[in-house]
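Reviewing the structure listed below.
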Amino acid sequence: MIRRPSSPSPRLPLPLVLLLALTCALPGAALAQVAHDLMLSLDPAKGRLEGTDRLTLPAGHTGPLTLTLGEGLAVETATVGGEPVEVRRDGETLRLSLPAGAEVATITYAGTLAAPEPPGLAPEGTWLPGGYAWFPRATDADRLEVTVILPPGQRAAMTGALVAEEETAEGRMRATFRAYAGEPPTLFAGPYGVTERMHDGIRLRTYFHNDVPGRLSGAYLDDVARHIDHYAGVIGPYPYDGFAVVSAPHPVGLGYPGMTYVSRRILHLPFMRTQSLPHEVLHVWWGNAVRVAPGSGNWAEGLTTYMADYALADPARKDAMRRDWLRDYAALPAGEDQPLTAFRGKLHARDQVTGYGKGAFVFHMLERRIGEEAFRNGVAAVYADHRGGTAGWSDFREAFEAASDMDLSAFFDQWLTRTGAPTLALEAAEAVDGGVRVTLAQAGEPYALRVPVEVETAAGTEQHLVPLSARRRTVVLDTDAAARAVRVDPDHHLFRHLAEGERTATLRDVTLAPDAQVVAQGLPETAEETAATLAARMLGARSVDVAADWDRDRPALIVAQGAPRAVADRLGVAAPPEVPEDASAVVWSVREAPSPTLVVAVRDAAALEALVRPLPHYGRESWLAFRGGEAIARGSWEPKAENALARRL
């Protein structure tokens, strides 16, 4: 989740900060141009930063030195050999006039960044992201060793190796870190309690606020150690010095080399340890140790989703995940689709449908095609060959071809470079002596597929694979007993358009629509701003306009106050299902409407406020009931039509 902005920004908005870590490197991955020995003093209460940076210049450097220093930070002195040198500044760009033969320059600088958003210092959490030049750096390849000095009660964490840490006689904390080469370092600080465990030479730590339950530290360290062992066995050795889980006062969940930064409000939730944590640990291998090659398309999110979220799920959950990925794709407006080679990162939920869902699905289909052993050998080969560097989709194709002894060029070409997905049809099915004759078809330019076909017989259920590379194919499937029914891809093993009878209305039918309108009805004026905030989060927008009138011919998110059935009657839409009487809010996707419609019915302004954080995470549901911020009931509508890919004989 995690990419670096192309150029430093004086103050990064949160959506951009979510892109900070997929372009990470290992120590020694790139030659440093400038080496920094930095002494950094932070005063979070005042938002004050003061630094003294001793820069060792590259051998043979001549002429001025160009550096970048973030807005809000001012150079106080610049010297070479104790003598001042001229500094010219243009925005964030510094130019130091250096005397001939200069080998070392020293810069002192300071500034006030008193804000909770990055880059900022605050008592509850300091966050200096790598996309902001919080020290005067020349390039992303600079080497950095930094000693951070903090007031009593504060601890620092950084993307790099912890070299030393001590408490001074005055009670201040000093921590020295060595940044990973090639990765602009990100620095955090806060009123953290630190729990540490060494695991096979790897330093594991939690940096948790005091309001995070103490028992969670041990549980997180247990889980991190277990995930590291698992992925080291599957892929290859863990590539960094340590892994830290750092609690954030911000509503974020971010991954960095050897670190994850997570809102303290969600650390206790079950999905954090069962799904999000292994995802971020695995990103250390995919996206950090092996970075995405420029111009390749971001394979790392799909592979991490497949090898973490999907691979660790139980069989029933895996079935549901494949179905959910296809439902997400079904809700994606046609104009928002993109080939996997064009996916760079998640800036909107629409990007997630392709980069995460379709990407993971491609790896699922690939493993079914070449087998578990060849798949495992392929990913291990990519890691061994590209650790500390970059890899692209072509590198994965070559590794999987070598591991399976198959030509996979057609497979990768159709799933990576084409926009869209196959549309399957079961045109005919009839029982014949000794089996069943089926006619399969696909619309548009054909894909080369191996279509799963399930045949129900008098003796049980049989599984068949039907090669299909043309618009239409008729084949007789031999069965051990009389055939009674045929179902095409009933377990959703192919990435494809859902057929009639497989789709159902979900919240994402609206939240993925780029032209969705936001309507407020019956809300007090004081709650309309909250409605706008909720809508912006659900629609992935910076801001939204809230209207009073509803255009029924456009997708709509309607926020209304009142009992859910009364709201439904007032709007003239189908009511939600029966829910617990003490529900403070009910949310449902309207099944019968001219355009996708999502209704949020709240009891009062407090109930609406409680939805702002949790509701955007439930896009795959058809309806939900909340008590405060807790979802107490949820479900999916049953499809209205019969499944067009199933037929009784």
Side-chain angles (χ1 to χ4, degrees), residues 302 305-306 309-310 317-340 343 346 348-362 364-365 414-415 418-426 441-445 447 449 451-452 487-516 538-540 554-557 574 587-598 616-624 634-646:
T305 299
Y306 182 61
D309 308 52
Y310 182 83
R317 180 63 190 133
K318 287 180 179 179
D319 292 346
M321 289 178 74
R322 296 193 302 274
R323 180 203 63 208
D324 288 345
W325 290 334
L326 295 184
R327 286 183 175 177
D328 288 347
Y329 185 71
L332 185 69
E336 300 296 326
D337 197 4
Q338 60 178 332
L340 276 171
F343 171 67
K346 180 188 172 185
H348 189 280
R350 291 187 287 271
D351 302 315
Q352 184 173 2
V353 172
T354 300
Y356 292 65
K358 182 178 181 179
F361 223 123
V362 168
H364 170 67
M365 292 186 295
Q414 69 180 9
W415 294 117
R418 290 180 63 172
T419 299
T423 299
L424 294 179
L426 176 59
Q442 54 179 320
E445 181 184 349
Y447 284 75
L449 306 173
V451 182
R487 291 179 284 272
V488 176
D489 193 26
D491 296 321
H492 306 107
H493 285 297
L494 284 178
F495 186 79
R496 58 181 175 82
H497 289 288
L498 290 175
E500 182 72 18
E502 292 186 303
R503 266 199 76 177
T504 188
T506 67
L507 275 59
R508 283 199 166 168
D509 291 336
V510 172
T511 60
L512 294 181
D515 60 339
M538 295 187 69
L539 299 175
R554 288 173 51 206
L557 167 57
V587 182
W588 73 98
S589 180
V590 179
R591 285 183 288 180
E592 297 179 4
S595 289
T597 302
L598 172 59
H617 298 289
Y618 290 96
R620 290 169 175 159
E621 307 295 341
S622 295
W623 60 267
L624 303 105
R634 54 178 165 162
S636 296
W637 300 125
E638 287 294 327
K640 294 184 296 182
E642 292 185 1
N643 188 341
L645 293 179

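Basis for what follows: all heavy atoms, side chains included, without hydrogens, waters or symmetry-related copies. Just so it is clear, the model here is predicted, and its values are computed rather than measured.
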Query raised in the report: Would you find a donor on one side and an acceptor on the other, under 3.5 Å apart, between the side chain of W637 and the backbone of S589?
Result: yes
Report summary line: In terms of heavy-atom contacts, H364 and Y310 come closest through CE1-OH, 3.5 Å
Query raised in the report: Sub-3.5 Å donor-acceptor pair from the side chain of T597 to the main-chain atoms of S595, do we have one?
Result: yes
Query raised in the report: Rounded to the nearest 0.5 Å, what separation is found between the OG1 atom of T354 and the CZ atom of F361?
Result: 13.5 Å
Query raised in the report: Side chains of L512 and P333: closer than 4.5 Å at any heavy-atom pair?
Result: yes
Query raised in the report: Does the side chain of R620 come within less than 4.5 Å of W325's, by heavy atoms?
Result: yes
Query raised in the report: Below 4.5 Å, heavy atoms only, C-beta onward: do F495 and Y329 meet side chain to side chain?
Result: yes
Query - T305 to A360 - nearest heavy-atom pair and separation - result: CG2-CB, 4.0 Å
Query - Student check: side-chain heavy atoms of L498 and H492 closer than 4.5 Å - result: yes
Query raised in the report: Is there a donor-acceptor pair closer than 3.5 Å between any side-chain N or O of D337 and the backbone N or O of A334?
Result: no
Query - S622 side chain vs A505 backbone, donor-acceptor pair below 3.5 Å - result: yes
Query raised in the report: Looking at NZ of K346 and OH of Y356, how far apart are the two atoms once the value is rounded to the nearest 0.5 Å?
Result: 6.0 Å
**Report entry** Shortest non-hydrogen contact from A646 toward R487
**Finding:** CB-CG, 3.7 Å
Requested in this report: Supply the atom-to-atom distance L424 CG to H497 NE2, rounded to the nearest 0.5 angstrom.
Outcome: 10.0 Å
Query - Exercise: identify the closest heavy-atom pair between T511 and L539 - result: CA-CD2, 3.7 Å
Report task. Go through the structure and list residues passing salt bridge (Lys or Arg N to Asp or Glu O under 4.0 Å) with D319, not counting sequence neighbours. Result -> R322
Query raised in the report: If only atom types and distance count, is the side chain of R508 paired as donor or acceptor with the main-chain N or O of G619 below 3.5 Å?
Result: no
Report summary line: Nearest heavy-atom contact between L598 and M538 is CD2-CE, 3.7 Å
Query raised in the report: Side chains of L494 and P422: does their closest heavy-atom pair fall under 4.5 Å?
Result: no
Report task. Could you check V587 against R634 for side-chain contact (heavy atoms from CB on, under 4.5 Å), going step by step and ending with a plain yes or no? Result -> CA-CA 9 Å; V587 182; R634 54 178 165 162; over 6 Å; no
**Report entry** Straight-line distance of N643 CG to E500 CD, nearest 0.5 Å
**Finding:** 9.5 Å
Query raised in the report: Atom CG of L507 and atom OH of Y618: how far apart are they, to the nearest 0.5 Å?
Result: 11.5 Å
Report task. For the pair Q442 (side chain) and Y447 (backbone), establish whether a donor and an acceptor sit closer than 3.5 Å, ignoring hydrogens and angles. Result -> yes
Report task. With sequence neighbours excluded, tell me which residues meet salt bridge (Lys or Arg N to Asp or Glu O under 4.0 Å) with D324. Result -> R317
Query raised in the report: What residues form a salt bridge (Lys or Arg N to Asp or Glu O under 4.0 Å) with R496, not counting sequence neighbours?
Result: D489, E502
Query raised in the report: Looking only at heavy atoms, which two atoms of L645 and A499 are closest? And how far apart?
Result: CG-CB, 3.7 Å
Requested in this report: Measure the spacing between CZ of R350 and CD of Q352 and express it to the nearest 0.5 Å.
Outcome: 12.5 Å
